[in-house]
J.: 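Encoded as structure tokens, here's the structure I'll be asking about.
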Amino acid sequence: MEESLFFTSGVGYSIMLLAATIAIGLCLGKLKFKGVSLGATWILFVGILFSHLLVNVFGKSINPYMIHFMKEFGLILFVFSIGLQVGPGFFQSFKKGGMKLNLLAVAMVLLAVLTTWAISAISGEDLTTMVGVMSGAVTNTPGLGAAQQTMTDVMASNPAITGNPSMLSSGYAVAYPIGVVGVILVLMLVKAIFRIDLKKEKDELEMDAGEIDSAVRIACEVKNPAIYGKALKDIDHDIAHRYVVSRISHDGKVHSPLATDVLEEGDRLLVVTSKSSVDVVTMLFGNRIDMPKEVWDELDTTLVTKKLNVSKSKLTGKRLRDLNIRSNYGVSITRVDRAGMELVANPGLQLQMGDVLVVVGQEPAINKVAKLVGNSAASLRHPNLIPIFFGIAAGIIFGSIPIAIPGIPQPIKIGLAGGPLIIAILLGYFGPKYKITTYTTLSANMMLREVGITIFLAAVGLGAGKDFWTSIMNGGYWWILYGALITIIPTLTIAVVGRLFFHLNFYQITGLLSGGCTNPPVLAFAQGQYGTDYTSVNYATVYPLSMFMRVLVAQLLVLFALA
């Protein structure tokens with residue numbers, strides 16, 4: 001009775017096993033050795049142990065279909081949440097070194113192929129089996145699936161060719177843990193070799209990110225004869241989008257400006273502009289003066305500065321000029337805080353739900369603007385699920401589209417991980433431009449991400465444990481060494497080259513290695529161990545091309561081996 005209650009192939013049993021694996025793995029993840037922990041990666045090893053004991057010792061089955069579903073669904077949740085988070089800054093990050101990172105990622109893929117082929121040639125190990133070992137060593141499940149399908153199709157079309165596609169799975173299962181631990185060890189080694197100071201690396205990235213379009217406040221005195229007697233709206237339109245006049249001091253009186261205000265010689269302006277435009281804006285008005293904001297506040301206590309949350313979804317995609325806030329309410333929007341970055345509030349800036357507007361004006365007028373934009377922190381905590389699930393559906397469809405490449409008999413697919421990631425990035429970037437609200441709080445995004453990666457790791461471990469020990473005892477112990485070489489040689493080489501010759505930041509290296517190896521567990525480790533989300537941005541930058549290349553080379557190696 002008790003046995004039938006707990007040991008069945010039903011849904012409840014599978015979920016119970018999955019939950020227990022995750023819980024125990026997370027508990028072990030809190031253990032540290034000399035300040036270092038494997039974190040959520042422990043879930044993978046607990047899953048392997050549970051699966052081995054249940055199947056090989058106690059003779060109890062684990063529903064393979066349930067495990068396969070949970071593995072894919074967990075991975076989709078993980079990569080989709082990452083895509084939504086990094087989407088708004090993805091293309092900017094791509095411009096700031098994305099091409100370099102992708103070239104290094106491709107080099108890492110090709111180096112793994114070369115290492116795989118060399119091991120096969122030297123050891124005499126069957127190359128098709130080595131493809132499975134390679135897929136495990138780079139934790140690339142779609143590559144394994146594509147290689148197995150290619151092998152099956154080739155054998156079906158030519159009966160003279162023999163082989164065992166299941167050997168790919170065995171090699172994959174043995175090498176997968178090495179693929180996770182190996183990259184983590186490489187990251188630790190790189191951190192030690194180059195004596196990485198995480199705070200310094202983080203500060204450098206924040207400085208670079210801040211230079212994109214961060215806002216600064218300057219005070220100017222009108223000394224340019226070309227603008228005497230001109231209204232603010234009539235001043236040089238070529239650079240008008242680079243600044244916002246927050247306050248005007250005329251004859252000793254301070255007020256919040258209107259577009260129709262006329263500038264006179266000697267007027268003093270408090271201006272918000274981007275760092276890169278400070279010199280241009282200073283030349284436009286005349287002179288830069290030393291007049292801190294505190295001085296302006298003392299001159300007129302009727303003007304206040306407040307921060308307002310954009311919490312109305314209908315404002316998503318609207319431009320600041322469409323709201324007519326200055327002309328209707330006499331309130332100036334000086335800056336927009338978006339995901340921790342301060343942007344200049346130029347009229348063409350498109351709003352996103354969750355933006356924080358820094359406004360200056362009289363308090364009654366600001367209260368009216370607050371009603372216009374919502375300013376409700378409570379409503380921002382409510383998740384927008386519709387675009388998430390529509391996006392996942394679109395991503396699965398996109399990832400399932402076969403891409404035919406001349407000369408290759410089997411079409412390539414980006415897969416269930418690559419498709420949702422790409423769609424999520426596009427949604428995060430273009431969504432607001434097309435009035436699609438994709439905003440989720442950081443805590444909601446983190447929850448989705450952590451649930452996804454823990455389910456994925458548990459499912460992979462439970463699925464691999466059945467044949468893990470048997471494969472090792474039947475000669476697969478060599479696969480551990482081969483997998484370690486395929487993991488460590490390319491990643492360590494690219495990490496050193498990236499640091500020495502391309503001067504990559506450590507967080508760029510962690511994103512490059514985890515994304516280039518299509519390795520979500522390493523990404524989860526890096527974020528937990530080293531902090532910040534910069535790793536995610538670089539992971540998403542190289543992941544799509546790396547996934548495509550991993551799937552492609554796996555099929556090409558199988559075709560070469562069977563030729």
Side-chain angles (χ1 to χ4, degrees), residues 29-42 82 85-86 89-90 92-105 107-108 180-214 216 275-276 337 339-342 442 446 449-450 453 487-517 519-543 546:
K30 295 182 180 295
L31 300 177
K32 291 186 177 181
F33 178 72
K34 293 186 177 181
V36 176
S37 169
L38 294 180
T41 309
W42 270 107
I82 287 176
Q85 181 193 14
V86 306
F90 174 78
Q92 186 66 44
S93 71
F94 199 90
K95 293 176 184 177
K96 293 175 68 66
M99 186 63 68
K100 175 170 59 180
L101 288 176
N102 273 282
L103 287 175
L104 287 171
M108 186 160 59
V180 175
V181 176
V183 181
I184 291 175
L185 291 176
V186 167
L187 290 179
M188 293 179 180
L189 187 59
V190 170
K191 184 174 180 290
I193 291 175
F194 294 103
R195 298 179 180 178
I196 299 295
D197 182 339
L198 293 178
K199 185 178 184 304
K200 181 180 178 182
E201 301 286 310
K202 181 180 177 182
D203 290 344
E204 288 178 357
L205 283 178
E206 288 179 344
M207 187 179 300
D208 290 341
E211 290 175 355
I212 294 174
D213 196 18
S214 61
V216 294
K275 287 183 179 180
S276 60
D337 189 321
M341 181 182 295
E342 284 195 333
L442 180 60
M446 284 294 295
R449 185 193 311 178
E450 292 301 312
I453 190 62
T487 298
I488 293 173
I489 291 175
T491 52
L492 184 58
T493 301
I494 295 300
V496 172
V497 169
R499 186 71 178 185
L500 292 180
F501 298 99
F502 293 92
H503 309 293
L504 294 183
N505 186 282
F506 180 69
Y507 290 103
Q508 290 177 306
I509 292 175
T510 57
L512 168 62
L513 297 191
S514 56
C517 289
N519 202 323
V522 173
L523 174 61
F525 165 83
Q527 288 181 316
Q529 189 69 29
Y530 304 132
T532 87
D533 286 319
Y534 289 116
T535 299
S536 295
V537 176
N538 297 292
Y539 174 93
T541 300
V542 302
Y543 187 96
S546 299

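Positions are given from 1, in the same order as the sequence printed here.
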J.: If I take atom CG from residue Leu512 and atom OG from residue Ser546, how far apart are they, to the nearest 0.5 angstrom?
T.: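 Going from the CG atom of Leu512 to the OG atom of Ser546 covers 7.5 Å.
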
J.: Give the minimum heavy-atom separation between Ala495 and Leu513, together with the two atoms involved.
T.: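 In this case the closest contact between Ala495 and Leu513 is CB-CD1, 4.1 Å.
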
J.: Say you draw a straight line from CD1 of Ile184 to CZ of Phe525; how long is it, rounded to the nearest 0.5 Å?
T.: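 Reported to 0.5 Å precision, the distance equals 5.0 Å.
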
J.: Run the side-chain donor-acceptor check on residues 185-198: report pairs under 3.5 Å with partners two or more places apart or on a different chain.
T.:
residue : atom : partner : partner atom : Å
Asp197  : OD1  : Lys199  : N            : 3.1
Asp197  : OD1  : Lys200  : N            : 3.4

J.: Working to the nearest 0.5 Å, report the span between OG1 of Thr491 and CD1 of Ile488.
T.: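 So the gap between those two atoms works out to 6.5 Å.
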
J.: Nearest heavy-atom pair of Val180 and Pro521: which atoms, and what distance?
T.: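 In terms of heavy atoms, the two residues are closest at CG1-CB, 3.9 Å.
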
J.: Decide yes or no for Val522 and Cys517: does some side-chain heavy atom of the first lie under 4.5 Å from some side-chain heavy atom of the second?
T.: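 They are not in side-chain contact.
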
J.: Looking only at heavy atoms, which two atoms of Tyr530 and Tyr507 are closest? And how far apart?
T.: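 Between these two residues, the closest heavy atoms are O-OH, 2.9 Å.
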
J.: Testing the basics here: between Asn519 and Val183, what is the closest heavy-atom pair and its distance to 0.1 Å?
T.: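 Between these two residues, the closest heavy atoms are ND2-CG2, 3.9 Å.
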
J.: Distance from Met99 atom CE to Leu103 atom CG, nearest 0.5 Å?
T.: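 The CE atom of Met99 sits 6.5 Å away from the CG atom of Leu103.
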
J.: Give me the atom names and distance for the closest heavy-atom approach of Pro520 to Ile453.
T.: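 Shortest heavy-atom separation between Pro520 and Ile453 comes out as CB-CD1, 3.5 Å.
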
J.: With rounding to the nearest 0.5 Å, note down the distance linking OH in Tyr543 to CG in Leu523.
T.: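 Rounded to the nearest 0.5 Å, the OH-CG separation comes out at 10.5 Å.
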
J.: Applying side-chain hydrogen bond (donor to acceptor under 3.5 Å, both in side chains), name anything that partners Thr510, two or more places apart in sequence or on another chain.
T.: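 Applying side-chain hydrogen bond (donor to acceptor under 3.5 Å, both in side chains) to Thr510 gives Thr535.
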
J.: Kindly compute the distance separating CD1 (Ile509) from CG (Leu101), expressed to the nearest 0.5 Å.
T.: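 It comes to 9.5 Å.
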
J.: Backbone N or O of Thr541 within a donor-acceptor pair of the Asn102 side chain at under 3.5 Å?
T.: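 A pair under 3.5 Å: yes.
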
J.: Between Ala105 and Val542, what is the shortest heavy-atom contact and its length?
T.: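 Looking at all heavy atoms of both residues, the shortest contact is CB-CB, 4.0 Å.
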
J.: Mind jotting down which residue pairs meet the salt bridge (charged side-chain N to carboxylate O under 4.0 Å, His left out) criterion with at least one end in residues 488-514? Sequence neighbours excluded, please.
T.: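 Listed once each, the pairs are Glu201-Arg499.
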
